[in-house]
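For reference, the structure discussed in these notes is given below.
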Amino acid sequence: MRFFKTVSLKEAIDSIVSKLDKELKIEEVLLEDSLNKIIAENIVSNIDLPSFDRSTVDGYAVKAKDICGASEFSPIPLKNIGNGKMGEENVNRIDLGQCMYIPTGGMLPIGADAMVMIEDCETLREEILINKGIAQLSNIIIKGSEIKKDDLLVKVGERITSSHIGVLSSIGISKVKVYEKIKFSIISTGDEIVELGKELKIGEVYDINTNIFRALIEEGLGEITSTFLVKDDLSILSSTLKKALEIAHVVLISGGSSVGVRDFTEKAIEDIGGNIFVHGISLKPGKPTIIAKYKNKFIFGMPGHPQSGVNVFKALVEPIFLNKKRVKVYGELKENIYGDPGKTCFINVKLKTEDQKVQVYPLVSKSSMIRPILDGDGYIIIPEHKEGLYKGELVEVVLNV
Ligand SMILES: Nc1nc2c(c(=O)[nH]1)N[C@H]1C(S)=C(S)[C@@H](COP(=O)(O)OP(=O)(O)OC[C@H]3O[C@@H](n4cnc5c(N)ncnc54)[C@H](O)[C@@H]3O)O[C@H]1N2
Ligand code: MOO
């Protein structure tokens, strides 16, 4: 009987990373269409922000030293030289003893170094009585204090979020260069696998893997170009794989990754001329994973057990190809758990908050089960060199969201 030789999770990751050749196309899109895409250029500001000294309140622009000590009981009168207008350059100058009305966001007159809020002022004929002394720079924002011309704001490889869109809008960037999304194809194999919507006969199971991989890819903002459900038949699998590779950067083949007599993934990859560089990872669940390259595309033979496949996706596919970072929290482990020395083990856990502390409860789970993913809030990882983790230890939990 032939068995595969396993590599560690780190070795598997390193071997993929060393074979990555970035051939993603770059396209220029409108900023409004760039959300969630990966930026393919550094963005340096070509303006100062704000680009002029601005008021942050409705009130009077003053020289702060003019109103030192002003209060309701001893207001200081200043001469109003006029009203600033929004959207227009302010070419006025205030001298000692003068002020000018400026709306929120308006440009300050030359010489002003603070804004007094309108609530702290009273009008008395031509004069404005200031009822409150304020420090220099109060209620104003100086040109370039937020962003300076030539500041590097966004780096190649960052995923564009609503925050990026806000900042890029502020400096007038209307188009950005982005990488095309990573395209995935999913092939689910197995004589017993039935697509949703069909009636289930004894011995058959519904197709979980196509659907959960599709959802994981969409969560990671990848693109799905095709999905196939094929029987355990080498020639059908080989021709489907060829078809899938034409339109995807990464093909996930679910099932048939082990060494059983009807496990055809390895043979199909060899058939089409793919180069298998990993068959077997010291990962639990997820051991019988295959990783191969065909030209510049990657093929993953994902173990058929649903949780094993999900694990391989989260451990390898997601961080490398989707650049997705999952949220982590820390909590106290409430039970001893046993690992499997020599293997990196993923354990589903449920979180509870007790006494304002996060408590981590391991769940009973088998790789053929899918429900523990829903019942749990996330997973903890037992490193390959550890026999287990002790009750009371502080552990890192990777959340499912
Ligand atoms: N002799 C050995 N047998 C097995 C080994 C081993 O080392 N030696 N490894 C076991 C481990 S670990 C896993 S994981 C599985 C992986 O098997 P395959 O990748 O070959 O997957 P299949 O045999 O095709 O299916 C396994 C299991 O998963 C169900 N399945 C498959 N696809 C789907 C799907 N799309 N949706 C829902 N369920 C699916 C399938 O019905 C089987 O029950 O091998 C062990 N065996
Ligand atoms: O990968 Mo298997 O999942 O260890 O059950």
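Bear in mind the structure is a predicted one, so any value in this text is a computation, not a measurement. Both counts, for ligands and for their atoms, begin at 1 and track the order of listing.
- Interface of Pro288 with ligand 2, defined as ligand atoms under 4.0 Å from a residue heavy atom, comprises 1 (O).
- Note on ligand 1: Pro288 sits in its first shell, one or more heavy atoms being nearer than 4.0 Å.
- The proximity of Lys287 to ligand 1, defined as any non-hydrogen pair under 4.0 Å, is limited to the side chain.
- Lys295 and Asn275 form no side-chain donor-acceptor contact under 3.5 Å, judged by distance and modelled atom types alone.
- In terms of protein heavy-atom proximity, atom 1 (O) of ligand 2 is closest to Gly286 N, 2.5 Å.
- Per-residue contacts place His305 under 4.0 angstrom from the following atoms of ligand 2 (heavy atoms of the residue considered): 5 (O).
- Ring planes of Phe277 and Phe298: perpendicular class, angle over 60° (limits at 30 and 60°).
- Remark: ligand 2 atoms within the under-4.0 Å shell around heavy atoms of Ser308 are 1 (O), 2 (Mo), 3 (O), 5 (O).
- Within ligand 1, the atoms closer than 4.0 Å to a non-hydrogen atom of Pro303 are 14 (S), 19 (O), numbered from 1 in the order shown.
- With a 4.0 Å cut-off on non-hydrogen atoms, Ser188 touches ligand 1 through its side chain and not its backbone.
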Evaluate the salt bridge (Lys or Arg N to Asp or Glu O under 4.0 Å) criterion for residues Glu270 and Lys267: first the C-alpha distance (whole Å), next the side-chain angles of each, then the deciding distance (0.1 Å), finally the verdict. CA-CA 5 Å; Glu270 283 167 354; Lys267 293 188 196 88; over 6 Å; no
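- Inclusion of Thr210 in the set of residues having an N or O under 3.5 Å from an N or O of ligand 1 is not warranted.
- Between Asp191 and Arg262 there is a salt bridge, since a side-chain N of the basic residue sits under 4.0 Å from a carboxylate O of the acidic one.
- Both the backbone and the side chain of Asp207 come within 4.0 Å of ligand 1, counting heavy atoms alone.
- Summarising the geometry of Tyr206 relative to Lys198, their closest heavy-atom pair is OH-O, 2.9 Å, with the distance given to 0.1 Å.
- Looking at Glu318 and Arg326, a side-chain N of the basic residue comes within less than 4.0 Å of a carboxylate O on the acidic one, giving a salt bridge.
- The side chain of Ser367, and not its backbone, has at least one atom closer than 4.0 Å to an atom of ligand 2 (non-hydrogen atoms only; side chain from C-beta on).
- A distance-only check finds no donor-acceptor pair linking the side chain of Asn336 to the backbone of Tyr390 [under 3.5 Å].
- At least one heavy atom of Gly256 sits closer than 4.0 Å to an atom of ligand 1.
- Taking the six-membered ring where tryptophan is involved, the planes of Phe313 and Phe213 are essentially parallel, since the angle between them stays under 30° and well short of 60°.
- Heavy-atom distances between Gly190 and ligand 1 stay at or above 4.0 Å for every pair.
- Counting the atoms of ligand 1 from 1 in the order shown, those under 4.0 Å from a heavy atom of Ile193 are 30 (N), 31 (C), 32 (N), 33 (C), 34 (C), 35 (N), 39 (C).
- Taking any N or O of Gly255, backbone or side chain, none lies under 3.5 Å from an N or O belonging to ligand 1.
- Counting heavy atoms under 4.0 Å from ligand 1, residue Asn209 touches it through both backbone and side chain.
- Note on Lys284 versus Asp340: salt bridge recorded, some NZ/NE/NH1/NH2 to OD/OE distance being below 4.0 Å.
- Proximity to Lys287 (heavy-atom distance under 4.0 Å) selects the following atoms of ligand 2: 1 (O).
- The shortest N/O to N/O separation between Ile208 and ligand 1 falls below 3.5 Å.
- Atom numbering of ligand 1 starts at 1 in the shown order; those under 4.0 Å from a heavy atom of Asp263 are 20 (O), 23 (O).
- Taking every heavy atom of Tyr206 and a limit of under 4.0 angstrom, the matching atoms of ligand 1 come to 36 (N), 37 (C).
- Panel note: side chain Thr104, backbone Asp58; a donor-acceptor pair is recorded below 3.5 Å.
- Under the 6.0 Å distance and 45° angle rule, Lys37 does not count as a cation-pi partner of Tyr179.
- Gln136 and Asp113 form a side-chain donor-acceptor contact under 3.5 Å, judged by distance and modelled atom types alone.
- Atom 30 (N) of ligand 1 has its nearest heavy-atom neighbour, among Gly309, Ser254, Gly304, Pro285, in Gly304.
- Evaluated by nearest non-hydrogen atom to atom 19 (O) of ligand 1, the leading choice among Ser367, Ser308, Ser257 is Ser257.
- Lys10 and Asp14 are joined by a salt bridge, as a carboxylate oxygen and a charged side-chain nitrogen come within less than 4.0 angstrom of each other.
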